[in-house]
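Numbering of residues begins at 1 and proceeds along the displayed sequence.
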Amino acid sequence: LLGRCIAVVLMFMGVALITILTANFSAYLLSAKEKEVEEKLEVDTALLSQQLYDISTRLENIETKLEELKNYSNRE
């Protein structure tokens with residue numbers, strides 16, 4: 001009976017050890033993938049910010065030219 005009880009405890013400990021090792025390995029893989037995704041997101045955000053700035057600048061230039069054209073038309 002004592003041997004069987006020890007065997008049951010050892011089996012549970014073995015299952016727990018395998019579970020812990022698997023969970024740690026999975027967490028490691030997920031953290032590596034998460035870092036990769038965060039880096040890509042930072043690059044994409046910087047690119048979008050630059051594009052937004054360019055569009056804003058172009059829009060300001062268009063509005064300025066339209067205002068100049070409107071003022072020129074009003075003079076005539």
Side-chain angles (χ1 to χ4, degrees):
L1 181 64
L2 180 61
R4 287 184 181 179
C5 289
I6 291 173
V8 168
V9 169
L10 286 176
M11 283 188 259
F12 279 127
M13 288 176 63
V15 169
L17 178 65
I18 296 297
T19 303
I20 291 170
L21 291 176
T22 303
N24 284 336
F25 183 68
S26 297
Y28 170 76
L29 291 178
L30 288 175
S31 69
K33 183 67 175 175
E34 185 177 313
K35 285 180 185 177
E36 179 183 317
V37 169
E38 285 178 0
E39 289 173 359
K40 184 172 180 351
L41 183 62
E42 288 176 9
V43 170
D44 289 348
T45 302
L47 180 62
L48 286 174
S49 294
Q50 181 61 42
Q51 288 175 345
L52 182 60
Y53 175 77
D54 292 344
I55 290 170
S56 178
T57 303
R58 289 176 64 192
L59 181 60
E60 287 176 13
N61 290 337
I62 291 170
E63 288 174 342
T64 302
K65 289 184 182 195
L66 282 173
E67 189 65 34
E68 289 173 1
L69 183 61
K70 183 179 176 183
N71 290 337
Y72 180 76
S73 296
N74 287 340
R75 287 185 206 165
E76 294 179 354

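Leu48 CG to Ile55 CD1: the interatomic distance, rounded to the nearest 0.5 Å, is 9.5 Å. One distance of note links CG of Asn61 with NZ of Lys65; it measures 6.5 Å at 0.5 Å rounding. Distance CG/Leu17 to CE/Met13: 8.5 Å, rounded to 0.5 Å. Taken to the nearest 0.5 Å, the OG1 atom of Thr45 stands 12.0 Å off from the CG atom of Leu52. Leu41 CG to Glu34 CD: the interatomic distance, rounded to the nearest 0.5 Å, is 11.0 Å. For the atom pair CZ of Arg4 and CE of Met11, the computed distance is 10.0 Å after rounding to the nearest 0.5 Å.
One finds a salt bridge joining Glu36 and Lys33 here, because a Lys/Arg side-chain nitrogen approaches an Asp/Glu carboxylate oxygen to under 4.0 Å.
For Ser31, the side chain to side chain contact (heavy atoms under 4.5 Å, CB included) criterion is met by no residue, not counting sequence neighbours.
Tested against Ile6, the residues Leu10, Val8, Val9 include a single side chain to side chain contact (heavy atoms under 4.5 Å, CB included) partner, Leu10. Each of Thr64, Asn71, Leu66 was checked for a side chain to side chain contact (heavy atoms under 4.5 Å, CB included) with Glu68, and the lone residue meeting it is Thr64.
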